[in-house]
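The next block holds one structure in the form of structure tokens; read it before the comments.
Given the structure is predicted, the values throughout are model-derived calculations rather than measurements. These values consider heavy atoms only, across backbone and side chains, with no hydrogens, waters or symmetry-generated copies.
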Amino acid sequence: MVTKNDVEKVRIFALVGHGDSGKTSLTEAMLYDSNMTNRLGRIEQGNTITDYDSKEIKRGITINSSLAYLNWKNSTFNIIDTPGYLDFIIDTKSSLRVVDCALIVVCGVSGVEVQTEKVWDYAEEFQLPRVFFINKMDRERADFERVSEKIKENFGQNAVPVQLPIGAEENFEGVVDLLKMKAYYFQPGKDGKPEMEEKEIPENLMGKAETYHQKMVESVAEFDDEILMKYLDGEKLTEEEILTCLKGAMIERKVFPILCGSATKNIGIELLLDFIEGYFPNPIELPDIMVKSLKEQKDIPLKRAVDGAPFAALVFKTIADPYVGNLTYFRVFSGELHSDSQIYNSTQDVENKVGKIFRMQGKEQSPVSKVSAGEIGAIAKLKKTNTGDTLCDKEFPVEFEKIEYPEPIMRLAIFPKSKGDEDKLSIALSRIQEEEPTIQIFRDEDTGETIIAGMGEPHLDVVIETMEKKFGVEVEKNTPKVGYKETIRKKVQAEGKYKKQSGGRGQYGHCFVEFEPLERGKGFEFVDKIVGGVIPKQYRPAVEKGIVESMKKGVVAGYPTIDIRATLYDGSYHTVDSSEMAFKVAGSLAFKKGAAMADPLLLEPICNLEVIVPKDYMGDIIGDLNSKRGKIMGMDEGEKGRQIIKALVPQAEMFRYSIDLRSITQGRGTFSLKFSHYEEVPPQIAQEIIEKAKQESESES
């Protein structure tokens with residue numbers, strides 16, 4: 001049974017931050033310094049523990065969240081190394097949902113970047129304590145003061161340095177601990193691990209250290225009224241009082257400590273590990289988590305990790321494997337799970353037999369007999385289990401709140417290179433959708449294309465590469481076709497006559513149909529105005545069927561025709577030769593003739609676009625939308641001083657908008673797009689579309 005003592009020794013956190021801030025290298029350094037690995041892996045050599053996927057090694061970036069664990073002194077750390085690039089940042093959001101603290105890694109040169117802001121927002125959403133680590137202090141132009149001021153500017157004055165660097169750039173050699181007011185120097189040791197030496201703070205840094213120490217004490221003292229009064233009365237606070245206040249203020253998200261170091265030079269990493277053990281919260285120090293009780297049908301607080309508590313866990317990642325089935329990653333919030341036991345998925349209402357439970361170190365799987373509160377486990381071959389599902393005790397059915405993912409923003413049309421691979425592609429797509437909650441796959445009814453939608457071009461490239469390497473199906477990709485439509489402008493009458501004699505029984509169908517335009521969005525209407533028996537009742541539906549089938553391929557450029565009324569008002573029949581088939585053909589002929597005479601035109605889909613951007617980018621965004629034939633419909637004030645721009649824009653201009661918006665706003669803009677209505681295509685553009693359709697038709701024939 002999991003005990004309070006066991007849980008108090010657990011720390012579970014995610015390394016988050018902008019791409020290339022050094023999260024994976026920092027994970028490597030922590031694993032190396034804690035003797036979990038005997039070498040310090042390097043990104044450029046493709047030999048790190050958490051970036052093991054071939055796609056990550058090829059690109060030199062983290063694409064998937066990856067797990068690691070280590071033992072440090074008396075504690076166990078469960079670590080999630082997360083992606084930092086925009087296309088893969090949703091995996092980071094899933095990971096932050098299941099940790100107790102966010103370690104935000106910031107480059108000492110680049111400082112606060114777009115995804116630093118994004119991960120801060122996610123951590124805020126999940127109410128997580130946060131700690132900053134300014135990495136790469138050994139790099140040229142690294143500047144601790146500039147970067148820490150930028151952190152304060154972006155995230156508030158409660159971001160407080162608790163360390164200072166000793167030296168800078170190539171002369172970076174250690175760290176001043178402002179809590180203990182000691183200096184720590186790092187020298188290369190015999191086995192490659194740096195040797196840490198404690199010394200007094202050098203004279204040239206003492207004044208700065210005292211100033212920063214004072215600011216830190218002021219920030220943490222505010223957390224406790226009694227200690228604050230003591231401080232305001234001029235009494236010196238003890239080291240223990242400062243430490244207690246700092247930890248409490250961190251847990252309540254009133255102070256966000258800033259540390260520093262270099263992951264690749266392994267400077268300051270031991271101090272970081274000590275800080276994690278001493279100040280990061282353990283699972284039972286955080287507030288109860290709210291879950292929905294399925295028995296009571298109401299939200300209840302879930303007691304974290306208490307002795308004998310029922311099992312409750314949240315699935316935050318699924319990895320599809322064509323050979324061994326899905327691998328399901330989950331965080332245990334309460335109770336414990338044993339191997340060879342039953343597990344209940346309350347989200348899908350399905351039970352599973354648990355075989356082996358694994359603890360993951362990158363891609364390495366170590367079987368364990370159980371996983372307890374505060375730990376992360378993995379199970380293979382769970383049926384009907386997806387990212388975001390709740391696993392629990394069937395006698396205590398609960399459900400965690402679902403993670404909300406943004407809508408995909410970029411679409412590609414895909415089809416298999418080999419004609420016989422349609423089934424293979426279908427299987428690969430369904431497996432990928434299980435693994436990737438942000439991927440949407442659907443068939444466009446207007447164009448007949450299979451569409452895959454994701455968070456950007458690199459995201460979709462990785463998904464397609466996964467299909468090819470994991471599932472052995474090669475695909476072609478194209479920009480999706482636009483779902484153009486056709487309609488008519490004026491009322492006309494047209495005759496459709498089908499007469500065929502070829503010995504024996506012939507075919508005869510004859511109708512007169514009036515075609516007229518309907519209001520946009522009204523679709524198709526068929527009116528039967530036959531008087532008497534000029535066309536028998538049983539043949540009239542065939543005329544409608546013939547018109548409807550012909551409308552699928554309009555007369556302008558072969559696109560479906562919409563928003564018309566067809567009124568059948570006259571015709572004739574033959575007692576022997578007439579048939580449903582003949583009247584169906586007659587209806588089709590009447591439509592083709594009538595549509596051509598009715599001043600037909602081409603329509604294009606228009607979308608409602610909502611763009612959210614910082615105020616500075618407003619002019620550029622509006623200018624870009626104007627160039628895309630967009631109509632600005634309004635502007636509103638959003639959160640945090642952001643602007644919301646609403647516009648109507650042709651779908652044809654929007655397939656690569658995610659790339660354009662990212663370029664204009666350096667990744668700070670977001671958008672959503674929904675179909676609104678159809679509008680007439682401007683004549684010049686319509687002519688280009690008609691010419692292209694004609695060429696495609698000729699090449700097919």
Exercise for the section: State plainly whether the residues Glu696 and Lys481 are in salt-bridge range, i.e. N to O under 4.0 Å. Expected result: no
Exercise for the section: Nearest 0.5 Å please: distance from the CG atom of Leu425 over to the CD1 atom of Ile452. Expected result: 8.5 Å
Handout entry: Interatomic distance, Ile432 atom CD1 to Thr318 atom OG1 [nearest 0.5 angstrom]
Key = 13.5 Å
Please tabulate, for the side chains in residues 603-610, all donor-acceptor contacts under 3.5 angstrom to protein atoms that are two or more places apart in sequence or on a different chain.
| from | atom 1 | to | atom 2 | distance (Å) |
| --- | --- | --- | --- | --- |
| Glu604 | OE1 | Arg629 | NH2 | 3.2 |
| Glu604 | OE2 | Arg629 | NH1 | 2.7 |

Fill in the blank from the handout: residues 527-539 vs side-chain hydrogen bond (donor to acceptor under 3.5 Å, both in side chains), sequence neighbours excluded, gives Asp528-Arg540
Exercise for the section: Verify the neighbour count for atom NZ of Lys402: are there more than 12 heavy atoms of other residues, nucleotides or ligands below 6.0 Å? Expected result: yes
Handout entry: Residue Lys55 excluded, over 12 heavy atoms near NZ under 6.0 Å
Key = yes
Handout entry: Pairing of Asp349 and Lys394 as salt bridge, 4.0 angstrom limit
Key = no
Exercise for the section: Inspect the surroundings of CE in Met581 and state if more than 12 heavy atoms from other residues, nucleotides or ligands are less than 6.0 Å away. Expected result: no
Exercise for the section: Please confirm whether Phe512 and His510 have ring centers closer than 6.0 angstrom. Expected result: yes
Problem - Lys553 side, atom NZ; Glu486 side, atom CD - distance, nearest 0.5 Å - result: 9.5 Å
Practice task
For this output row, return yes or no: ring centroids of Tyr657 and Phe671 closer than 6.0 angstrom.
Solution key: yes
Problem - Lys628 bridged to Asp624 by N-O distance under 4.0 Å - result: yes
Problem - Under-4.0 Å salt bridge between Lys497 and Glu495 - result: no
Handout entry: Between Tyr498 and Ser588, a side-chain donor and acceptor under 3.5 Å
Key = no
Practice task
Could you list the residues that satisfy salt bridge (Lys or Arg N to Asp or Glu O under 4.0 Å) with Arg520, not counting sequence neighbours?
Solution key: none
Handout entry: salt_bridge(Glu399, Lys292) N-O dist < 4.0 Å
Key = no
Practice task
Please determine if Glu465 and Lys469 form a salt bridge, counting it only when a charged side-chain N lies under 4.0 Å from a carboxylate O.
Solution key: yes
Problem - Basic-acidic side-chain contact under 4.0 Å: Lys485, Asp563 - result: no
Practice task
State plainly whether the residues Glu435 and Lys470 are in salt-bridge range, i.e. N to O under 4.0 Å.
Solution key: yes
